[in-house]
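Here's the structure we're looking at; comments come further down.
Start at 1 with the first residue, then count along the sequence. All values below were derived from every heavy atom in this structure, side-chain atoms included, with hydrogens, water molecules and symmetry-related copies excluded.
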Amino acid sequence: QVQLAESGGGLVQAGGSLRLSCAASGRTVSSYVIGWFRQAPGKDRKDRECVAAISRGGTMTNYVDSVKDRFTITRDNVKNTVVLQMNNLKPEDTAVYYCAASVGSSITKIRPEYWGQGTQVTVSS
């Protein structure tokens, strides 16, 4: 199993940037496909949206269209961390962001078995 802990959320104005980090413990992060999900205000867990995912070796990534030109997911398997760099943030990006891990799913259809606790991102207009 793996434990995931997100950090880096906060309040930012539209057009600004945030860098979210996911620190893994237990299993090495290289064992997992990693995705960043977000849950918008007032939405249920079932409405969590995967915005970015990265393969075990970091050579393949996948993004939802709404963030494709603004967000970048990277991983450092030595440090056991995955980063989501978010640029040109928009108010509609406001959500709780979760790091999630899957042992055997595709980056295009990730089905996580493990979740972090989430970190709040608020973008003001």
Exercise. Rounded to the nearest 0.5 Å, how far does CZ of F71 lie from CG of L89?
Worked result: 5.0 Å
Exercise. Is there a side-chain contact between L84 and R38 (heavy atoms, below 4.5 Å)?
Worked result: no
Seminar exercise, completed: When rounded to the nearest 0.5 Å, the distance separating CD1 of I110 from CH2 of W36 is 12.0 Å
Problem set entry | Qualifying residues under salt bridge (charged side-chain N to carboxylate O under 4.0 Å, His left out), relative to E113, sequence neighbours excluded | none
Exercise. At what distance, to the nearest 0.5 angstrom, does OG1 of T94 lie from CD of Q120?
Worked result: 7.5 Å
For this session: Starting at NZ of K90, measure out to OG of S66 and round the result to the nearest 0.5 Å.
Result: 8.0 Å
Exercise. What closest approach, in Å, do R70 and D93 show between heavy atoms, and which atom pair accounts for it?
Worked result: NH1-OD2, 2.7 Å
Exercise. Step by step, would you call I34 with C99 a side-chain contact (heavy atoms from CB on, under 4.5 Å)?
Worked result: CA-CA 7 Å; I34 302 295; C99 179; 3.8 Å; yes
Problem set entry | Within-4.5 Å side-chain heavy-atom neighbours: M86 and L20 | yes
For this session: Output, in order, the C-alpha distance, side-chain angles, deciding distance and verdict of side-chain contact (heavy atoms from CB on, under 4.5 Å) for L4 and C22.
Result: CA-CA 6 Å; L4 305 172; C22 175; 3.9 Å; yes
For this session: Considering non-hydrogen atoms only, spot the tightest contact between L18 and Q85 and give its length.
Result: O-NE2, 3.5 Å
For this session: Please name all residues satisfying side-chain hydrogen bond (donor to acceptor under 3.5 Å, both in side chains) with R48, sequence neighbours left out, ordered by chain then number.
Result: Q39, Y98
For this session: Just do the ring pair (Phe, Tyr, Trp, His ring centres under 6.0 Å) check on F37 and W115 with the steps written out, would you?
Result: CA-CA 10 Å; F37 288 71; W115 296 83; 4.8 Å; yes
Exercise. Which pair of heavy atoms, one from R75 and one from N77, lies closest together, and at what distance?
Worked result: NE-OD1, 2.9 Å
For this session: Determine whether K43 and E49 make a side-chain contact, defined as any pair of heavy atoms from C-beta on separated by less than 4.5 Å.
Result: no
Exercise. Do Q117 and E6 have side-chain heavy atoms sitting under 4.5 Å apart?
Worked result: yes
Exercise. How about N80 and S25: do any of their side-chain heavy atoms sit closer than 4.5 Å?
Worked result: no
Exercise. Do the side-chain N and O atoms of R19 and S17 include a donor-acceptor pair separated by under 3.5 angstrom?
Worked result: no
Problem set entry | Sub-4.5 Å side-chain heavy-atom contact between V29 and V2 | no
Exercise. If you group Ile, Leu, Val, Met, Phe, Trp and Tyr by side-chain heavy-atom gaps below 4.5 Å, do Y114 and V96 land in one group?
Worked result: no
For this session: Can you see which heavy atom on A14 is nearest to which on P91, and at what distance?
Result: CB-CD, 4.1 Å
Exercise. Is Y63 reachable from V121 through a run of I, L, V, M, F, W or Y residues, each pair having side-chain heavy atoms under 4.5 Å apart?
Worked result: yes
Exercise. What disulfide bond (SG atoms under 2.5 Å apart) pairs are there with at least one residue in residues 33-93, not counting sequence neighbours?
Worked result: none
Exercise. Just how far is it from atom OG1 of T28 to atom CZ of R56, taken to the nearest 0.5 Å?
Worked result: 11.0 Å
Exercise. Should we say atom CG of D69 is surrounded by more than 12 heavy atoms from elsewhere, each under 6.0 Å from it?
Worked result: no
For this session: Would you mind reporting whether I107 and S55 have side-chain heavy atoms less than 4.5 Å apart?
Result: yes
Exercise. Should Q13 and S124 count as side-chain neighbours, where that means a heavy-atom distance under 4.5 Å?
Worked result: yes
Exercise. If two hydrophobic side chains count as joined below 4.5 Å and joins carry through other members, does Y97 share a cluster with V64?
Worked result: yes
For this session: To the nearest 0.5 angstrom, please state how far the OG1 atom of T61 sits from the NZ atom of K68.
Result: 8.5 Å
